[in-house]
Asks: 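My questions will all concern the structure given below.
Per chain, numbering begins at 1; letters A, B, ... match sequence-line order.
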There are 2 protein chains.
Amino acid sequence: MKSSSINLPAEKIIKREKFDESAFRQMIRTMNLKVTDQRLLIFEALHSGRAHVTAQEVFEKVHAVDGAVGFATVYRFLRSLTEYGFVTEVRMGGMSARYELTPKRHHDHLTCMSCGKICEFENHEIESLQERVAAQFGFELTSHVLELYGHCRDCTKAKLKKS
Amino acid sequence: MKSSSINLPAEKIIKREKFDESAFRQMIRTMNLKVTDQRLLIFEALHSGRAHVTAQEVFEKVHAVDGAVGFATVYRFLRSLTEYGFVTEVRMGGMSARYELTPKRHHDHLTCMSCGKICEFENHEIESLQERVAAQFGFELTSHVLELYGHCRDCTKAKLKKS
DNA sequence: AATTTATTTGATAATGATTCTCATTTATAA
DNA sequence: TTATAAATGAGAATCATTATCAAATAAATT
Ligand SMILES: [Zn+2]
Ligand SMILES: [Zn+2]
Ligand SMILES: [Zn+2]
Ligand SMILES: [Zn+2]
């Protein structure tokens, strides 16, 4: 039941626009897929609560509303959403994949390994340096993963107090 | 038998210093572990051939020399080596972990998704920008993952020819 | 509304990577 | 040598994810 290795418990809930069912219906149609209750529930789950969720977490949220939904459906739809770019898969180390509704702006992540806080940042300098590196090697860049790991201020403070 | 998703077949073999068994013996002792033939074989496997190998690949190389070695031993020792920093674990997307003898200089990776070529690069500007980002969020940076994905010149050319 | 049909679903099995268990073997210190 | 804690290997276990397939169903067509 418990996931292996590091867990990422507390993440602040990010303020988000109102859940817009008809927009989600539209996205599903764009993908040439059928609109089902399950798929709307999955969207709902992605839209509320913490921004970066695992497939299991999505499954649990969906399952709480409709106990009949199977996790295969969740995995399957998350995969489609990722392929179409509506959802972005984020992988940190050997942990299980996390998903977020693809944000308007590209960003990368800074994760606290003590408390699981995830901060999002965008840094155009880094982005263009990446392009430059790729060009130097004659590569056409298609994607990248930039994940920073460390300890946030609160956790660093807490550790100091203890010792 | 075949690994899932993308395979990384061709990687240029990187020129390396002579295999120095006594140095490896010393490293093992530094870790407070016992020197065994298996462990020396694993070091040998990491030292020859392509730079970034999976546990399975290490196992196969070791197994070719001594068919009695079990894969648990390989995984176990790779883990110890990683914990002590003698080996660096590199994870690319959802693929299985790859390992390399920790290089003298830190570097990140640029991977061709068509042919599997892996280029290593170091970019101090990016590194220090990462530090700056972490500092802005009040984080103490402990590690990071920067993996660039794309298509190398050869593969891009090959694709153009085909179409 | 009823019919049709290609999709979707959920239960379950299968997979691939990695880790764990434990009885047996072995490196090393005394 | 002998003692002993550590290491090993075979296989089971785990975890995340994907595949299979019969039954259910969205949506297009009568
Ligand atoms: Zn980025
Ligand atoms: Zn994010
Ligand atoms: Zn780096
Ligand atoms: Zn490398």
Side-chain angles (χ1 to χ4, degrees), chain A residues 1-8 21 24-26 28-43 52-60 62-63 65-83 87 89-99, chain B residues 1-8 21 24-26 28-43 53-60 62-63 65-84 87 89-99:
Chain A
M1 204 121 290
K2 270 278 131 89
S3 136
S4 66
S5 66
I6 301 121
N7 264 45
L8 298 180
E21 185 178 307
F24 290 135
R25 286 177 174 278
Q26 193 44 57
I28 297 174
R29 285 195 212 92
T30 303
M31 297 190 272
N32 296 309
L33 298 177
K34 292 179 176 174
V35 176
T36 65
D37 291 350
Q38 292 89 328
R39 285 171 174 164
L40 290 172
L41 279 173
I42 290 168
F43 261 122
H52 306 88
V53 283
T54 62
Q56 279 301 323
E57 285 163 358
V58 173
F59 168 68
E60 280 159 27
V62 168
H63 199 258
V65 179
D66 178 353
V69 180
F71 62 86
T73 304
V74 173
Y75 272 100
R76 238 179 333 228
F77 191 45
L78 284 176
R79 190 139 56 104
S80 305
L81 286 167
T82 302
E83 279 162 7
V87 158
E89 193 187 72
V90 182
R91 281 182 176 276
M92 321 209 189
M95 292 177 272
S96 41
R98 288 179 178 272
Y99 301 87
Chain B
M1 201 122 291
K2 269 279 132 91
S3 135
S4 68
S5 65
I6 301 120
N7 263 44
L8 299 180
E21 184 177 308
F24 290 135
R25 287 178 175 277
Q26 192 45 56
I28 298 174
R29 285 197 211 92
T30 304
M31 296 189 273
N32 295 311
L33 299 177
K34 292 177 178 176
V35 176
T36 66
D37 292 351
Q38 292 87 328
R39 283 171 176 166
L40 289 173
L41 279 174
I42 290 167
F43 261 123
V53 283
T54 63
Q56 279 301 324
E57 286 164 357
V58 173
F59 169 68
E60 279 158 28
V62 168
H63 199 257
V65 179
D66 178 355
V69 179
F71 61 86
T73 305
V74 173
Y75 273 101
R76 240 179 330 228
F77 191 43
L78 283 175
R79 190 138 57 104
S80 305
L81 286 167
T82 301
E83 279 162 6
Y84 276 85
V87 159
E89 193 186 70
V90 182
R91 282 183 175 275
M92 322 210 189
M95 292 176 273
S96 42
R98 287 178 179 273
Y99 300 87

Asks: Starting from P on D:dA6, measure out to CZ on B:F77 and report it in whole angstrom.
Replies: 16 Å
Asks: Quick one: does A:R39's side chain have a donor or acceptor within less than 3.5 Å of a partner on A:K34's backbone?
Replies: yes
Asks: Nearest 0.5 angstrom please: B:F59 CZ to B:L78 CG, how far?
Replies: 12.0 Å
Asks: Which nucleotide in the list D:dG9, D:dA27, D:dA19 gets nearest to the side chain of A:A72?
Replies: D:dA19
Asks: In whole angstroms, how far is the P atom of D:dA10 from the CZ atom of B:F59?
Replies: 9 Å
Asks: Would you call the rings of B:F77 and B:F43 parallel, tilted or perpendicular, taking 30° and 60° as the class edges?
Replies: perpendicular
Asks: Output the single nucleotide from D:dT17, C:dT9, C:dT18 whose closest atom is nearest the side chain of A:T36.
Replies: C:dT9
Asks: Between B:R25 and B:F71, which has a closest nucleotide on DNA chain C that is more 5'?
Replies: B:F71
Asks: Nearest to the A:V35 side chain among C:dT9, D:dA27, D:dT8, which nucleotide is it?
Replies: D:dA27
Asks: Can you tell me the distance, in whole Å, between the CE atom of B:M95 and the P atom of D:dT18?
Replies: 14 Å
Asks: For A:R29, report the nucleic acid contact type (base, sugar-phosphate, nothing); a contact means any heavy atom under 4.0 Å.
Replies: nothing
Asks: Rounded to whole angstrom units, what separation is found between the CG atom of B:L33 and the P atom of D:dA5?
Replies: 17 Å
Asks: D:dA6 C1' sits how many Å from B:I28 CD1, rounded?
Replies: 13 Å
Asks: 5'-most contact on DNA chain D: B:G70 or B:K34, nearest heavy atom basis?
Replies: B:K34
Asks: Of the options C:dC20, D:dG9, D:dT18, whose atoms approach the side-chain atoms of B:R79 most closely?
Replies: C:dC20
Asks: Measure the spacing between CD of A:E83 and CD of A:E89 and express it to the nearest 0.5 Å.
Replies: 10.0 Å
Asks: Let me know the distance between CD of B:E89 and P of C:dT18, rounded to the nearest Å.
Replies: 8 Å
Asks: Send over the distance from B:D37 CG to D:dG9 C1', rounded to a whole Å.
Replies: 15 Å
Asks: Counting any heavy atom closer than 4.0 Å, what does A:R39 reach on the DNA or RNA strands: base, sugar-phosphate only, or nothing?
Replies: sugar-phosphate
Asks: Have a look at A:R76 and say if it touches a base, only the backbone sugar-phosphate, or nothing, with a 4.0 Å heavy-atom cut-off.
Replies: base
Asks: Can you tell me how far C1' of C:dT25 sits from CD of B:Q38, to the nearest Å?
Replies: 10 Å
